[in-house]
Structure formats: structure tokens, C-alpha cells
Number of protein chains: 2
Amino acid sequence: MIKNKVIETMMEHRSIREYKDETPSDEEIDSIIKASQQAPFVSQLYSVILSRNLEEHPFHAPLLFTICADFHKFEKIMEKRGWEPVTNDLSILFFAIQDACYMAQNMLTAGESLGIGSCFLGMAPYKAKKLKEKYNLPDKVFPVVQLAMGYPNEDPPPRPRYPRDYVLFEGEYPELTDEMIERAMEDMDEGYLKQDYYRRLDAKISIQDDKEDEYTYDDYSWTEHISRKWGQWYRDKQQLLDQLKECGFDITEK
Amino acid sequence: MIKNKVIETMMEHRSIREYKDETPSDEEIDSIIKASQQAPFVSQLYSVILSRNLEEHPFHAPLLFTICADFHKFEKIMEKRGWEPVTNDLSILFFAIQDACYMAQNMLTAGESLGIGSCFLGMAPYKAKKLKEKYNLPDKVFPVVQLAMGYPNEDPPPRPRYPRDYVLFEGEYPELTDEMIERAMEDMDEGYLKQDYYRRLDAKISIQDDKEDEYTYDDYSWTEHISRKWGQWYRDKQQLLDQLKECGFDITEK
């Protein structure tokens, strides 16, 4: 494994959920934004809203960034150029979400290089209508992810990840063997149990039907946790379609 | 502007379209993957396919990574855990595309820290069916972006970006004034013209209807180029819906 400052910064990433009150300086924020802006965007179809209302933020983080897919500001440019947008909303979203994510990932990495910790908040798409009202988002702007940021007041370890052979496939996608699947599960589950992660966060997801929950924090770990999400949550796509529509994206129209 | 190795690496990013033949070492590839894997994923809903068929690759890059949204491998885990996936395909995609993008952005940054250049290829979603056949992708795996990689055989400058006030909004999304829009356009257009970017790539997008094209490479620049995309391309969402469906994602079903 080759090491350098960039690779070490990435390797040391962990989400921070406890922050010092001190706010990162404007120069730090500027540097994070400016560096992140150099990502290889499809066409800069993103915007970043910064809130400093610490009291309202998750974990009372001093900074909360809402990173949005944004077609609005390019529409304004097209207007000046005498062009009418014709691309369908679904395609615009697919490209704009990418741009928002490249920005968000870069902001996290740039922040960590300055000793500033952060936590991604992935529920933004499901709170889009609320965020639109809160931040006065125009149509064609859709919140993709939020990023809490500040100086860490805790020092957790990096979290487990899949083994390499469950992530990188050479030449083609292989048949996933029982052995591969089980080793991936073991790495994740043993890794999180060793860190006592779910107990510390008291983060168990409850079982929604009458099945008894046989797990305690002694054996409840990552694969069970995530299975309870995709095995119980977001059955109906209407919820997300409604949020998109509120933000001016209609992906169901003819 | 605060500088450090991470921020400098990001600031120096530029896409590379000319590569040396020499292939990055396995240790370099490993380091890139391992560092990038530490991104703050929703739930590791991504996979990376590596091709070394230089002759087939865009720009004859020695390495071509296809970064996919991948729900297949977590389905395998759920099966072992006795859970059935119920989450709708649209929601899964929204989360999985994020995971793929975080991975892709990290790979690019990690690569550049090792002197390895790259170029994002954003058309993967529109070639999904072909890529599925080529790489034997199972259902519920959707190519989001491809990343050509290798040692640069050219040394282009970083490309222009929007001014900060067109990207970062404090407190709320502002009314975009004519001044803001025009300055953003100027920064982008003048910046690209100064680099003679579109002429060098011979990358002008033609006008599809009978309107005369009044632009030459002396004044054709970024805002006109991108306007010609979103003003002419992808009118119908069916094209993308078909590609998604071929990959096992039906976002139109009830």
C-alpha cells in the first residue's frame, strides 16, 4: 500500500458526530469550496447552501452544507444565450446528482485535510420540500446530500469496508460465490462489532412486523442493520417522486 | 487560500486525454481502491470493473474503470440474512448512484496524488446495455461513470470554474442577478477561450435544426457548448428508462 498525504487523509476518514463550538474560518471554508470546485463535473450542475445556525444543525455542527443538484442556474445562462432547455428531467437529474456528489466528496476530503471533520446526511432527498422552503430553493434545484462540518470533539476509528474482492472486479463481473459473500459479511459485521458501533449510537432499526427481534447489540451489526433498511423502508417510490415534483422535476410525465 | 498537499492535488486536477503506454502498477491500483473505499457511503452500493484492454479504451488509456451503482451484491447478503428487498428501484438508484460517485471522485483524487491522470466518461448510463453485455453485469447493477486512467502524456492546465458566488450561497438561495449570471458566463467563456480548449479538441456541437451556426472557435466557448447539449440532447426520457430497465431497474412500475 502506497502512502502519501492524500491517500492517508482518505484512509483516515470517519464520520464525526460531536463537534467543538469553534467555527472553521472563512478562509478555511473558501479553500474547501475552491479546491472542491475543480472536480470533473458534467457541467457544474450543483449548488451549495451554507447554514451557520448551529442550534438547528444535527450534532450542533457549526456548519451545515446542503449540496444540491441545480439546473436552475444553467437555465438562466441558456436564457441569455437564446437557448431553450429540452432535455428531460430524468436525464438532467442523473447528471446533476453526479455533479453534486463529486462536489460533496471533495468538500469532505478537503475539509479533513484541514483537520475539519464532517458527517454526510443522506436523507436530504426525502426532506427536499422542507429544505426548499427553508433555503428558498428555486425550481430545478434538488437537495442531494447534507454535510455537517466542524472541528471534531471525538476521535472515532475509520469504519470497516468490504474486502477488495467484493468491490473491484477485473475484466468482468464475477459470479459471487458463497465464500465471497460470507467473507464480505464477516469483515463488515466483525469489524463493526469490534468497534461496538451500533450499541454506542443506540442505532438498532426495529422490525416493523410482528417478528420477534432476536438480536441484541452483542450480535446486531452492519449487514443486519442495512438489511433492515432495504427490507423495510421506501416501498413506494411515490414519496420520492413527490419530493422531486415539489422541486420542479417531473420524471413521470410523457 | 490555504494550501496543503490534498488541496493542491484537487486544485491541479485536469482531465487527461493522452496517456503513456506504461500501466500503473498493481500496488498503485490497490492503493487507489483501498483509499477510495473509505468514502462515507450510504451502504457501499457500488462496484468497480477494471479493464486493461488498452486498445479498446478511449484515448488508449491503459486502465478503464467502470463504476457502477450495485444493489446485486447486497441482495446476496440479504438473502443470507433472511431478508427480502422491498425498497423501490428509484430510491435504491438514488442512493447507489451517490455511492458510485463518491467512489469515482475519490479514485480520481487518489490517482492524481500518485501522478496518475484520468478522464471521467459521463456517457456510461446511455451505454448501460452494452456495458452490461461487455462486463457480464448482473441485474441491479447500473454503470454510472467510467474513468480512464494512466500516466499523463500531456500537461494541460486546470479548467475554469464558476466564481464562488455562483456556487456557494450563504443562508439561502439568492435571486440570481444579471450581474451574477453574466460574470459567471464571462469567467467560464473567457477562461476556456484563453486555453483555446474547444478548438484544440475540435469539440463544437453542431446545431441540429436549420439555424445557421454563427460561432467559430474564436468565440465558441463553454456556455454555448453546454447550452447546445441541454438545448438539443435527450428530449425523451425513454432512452434512459430503457437502459435502466435492461439493467433490472424499473422506475416506472407501480
Side-chain angles (χ1 to χ4, degrees), chain A residues 1-2 4-7 9-11 13 15 27 31 33 35 37-38 40 42-44 48-50 76-78 81 83 85-88 90-91 94 97-98 101-102 105 110 113 120 122 125 135-137 158 161-162 168-170 172-173 176 181 185 223 226-227 230-231 233-235 237 240, chain B residues 1-2 4-7 9-11 13 15 27 31 33 35 37-38 40 42-44 48-50 76-78 81 83 85-88 90-91 94 97-98 101-102 105 110 113 120 122 125 135-137 158 161-162 168-170 172-173 176 181 185 223 226-227 230-231 233-235 237 240:
Chain A
M1 175 95 195
I2 304 168
N4 63 35
K5 278 285 163 211
V6 174
I7 285 175
T9 301
M10 286 181 180
M11 290 297 293
H13 162 74
S15 294
E27 196 187 8
S31 306
I33 295 292
Q37 275 189 265
Q38 288 303 129
V42 179
S43 47
Q44 300 188 84
V48 181
I49 320 288
L50 166 58
K76 291 286 185 187
I77 289 179
M78 291 181 78
R81 286 235 148 260
W83 281 97
V86 301
T87 304
N88 74 87
L90 182 66
S91 294
F94 261 62
I97 289 173
Q98 287 183 51
C101 292
Y102 301 147
Q105 179 59 52
S113 79
F120 268 18
Y135 296 130
N136 198 26
L137 305 180
R161 292 292 186 265
Y162 284 143
L168 178 71
F169 304 128
E170 180 123 10
E172 64 170 22
Y173 201 107
L176 300 177
I181 300 164
M185 293 174 73
T223 62
I226 306 294
S227 292
W230 313 136
W233 292 5
Y234 310 121
R235 279 170 201 267
K237 69 171 182 297
L240 185 52
Chain B
M1 177 92 195
I2 304 169
N4 63 36
K5 278 286 163 210
V6 174
I7 285 175
T9 300
M10 286 181 180
M11 291 297 294
H13 162 74
S15 293
E27 196 188 6
S31 305
I33 296 291
Q37 274 190 265
Q38 287 303 130
V42 179
S43 46
Q44 299 187 84
V48 180
I49 320 288
L50 166 58
K76 290 286 187 188
I77 289 180
M78 290 181 78
R81 285 235 149 260
W83 282 96
V86 301
T87 303
N88 74 86
L90 181 66
S91 295
F94 261 63
I97 289 173
Q98 287 183 50
C101 292
Y102 301 146
Q105 178 58 54
S113 80
F120 268 17
Y135 297 131
N136 198 27
L137 305 179
R161 292 293 185 263
Y162 283 144
L168 179 69
F169 304 130
E170 180 124 9
E172 63 171 22
Y173 200 107
L176 299 177
I181 300 164
M185 293 174 73
T223 63
I226 307 293
S227 293
W230 312 137
W233 293 3
Y234 310 122
R235 278 169 202 267
K237 68 171 184 297
L240 186 51

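Values in this document were obtained by computation on a predicted structure and should not be read as measured data. When reading the values below, keep in mind they use all heavy atoms of this one structure, side chains included, and skip hydrogens, waters and symmetry mates. In what follows, chains carry the letters A, B, and so on, assigned in the order in which the sequence lines appear, proteins first and then strands, with residues in each chain numbered from 1.
Of the listed residues (B/L50, B/I97, B/L168, B/V86), the one with the most heavy-atom contacts under 4.5 Å to chain A is B/V86. Chain A forms the most heavy-atom pairs under 4.5 Å with one residue out of B/P85, B/S91, B/G122, and that residue is B/S91. Between chain A and the residues B/V42, B/L137, B/I49, the largest count of heavy-atom pairs under 4.5 Å involves B/I49. Per-residue counts of heavy-atom pairs under 4.5 Å with chain A were compared for B/I2, B/L90, B/I7; the largest is that of B/I2. The most heavy-atom pairs under 4.5 Å with chain A, out of B/F169, B/Y135, B/W83, B/Y234, come from B/W83. If you tally non-hydrogen atom pairs under 4.5 Å between each of B/H13, B/Q38, B/E172 and chain A, the highest count goes to B/Q38.
Residue contact with chain B, scored on non-hydrogen atoms closer than 4.5 Å, involves the side chain of A/F94 exclusively. Contact of B/I33 with chain A is made through the side chain alone, with heavy-atom distances under 4.5 Å. Proximity to chain A involves both the backbone and the side chain of B/N136, based on heavy atoms less than 4.5 angstrom apart. Looking at B/T9, only its side chain comes within 4.5 Å of chain A, counting heavy atoms on both sides.
Within the 3.5 Å criterion, the main-chain N or O of A/Y162 finds a donor-acceptor partner in the side chain of B/Q37. Judged purely by atom type and a 3.5 angstrom limit, A/S227 has no side-chain atom pairing as donor or acceptor with the backbone of B/M78.
In this structure, the separation between CD on A/Q105 and CE on A/M10 is 7.0 Å, given to the nearest 0.5 Å.
B/T223 and A/R81 share a donor-acceptor pair across their side chains, judged by distance under 3.5 Å alone.
Residues A/Y102 and B/F120 place their aromatic rings such that the two centres sit under 6.0 Å apart.
Side-chain atoms of B/K5 and B/S113, non-hydrogen and from C-beta on, never get closer than 4.5 Å to each other.
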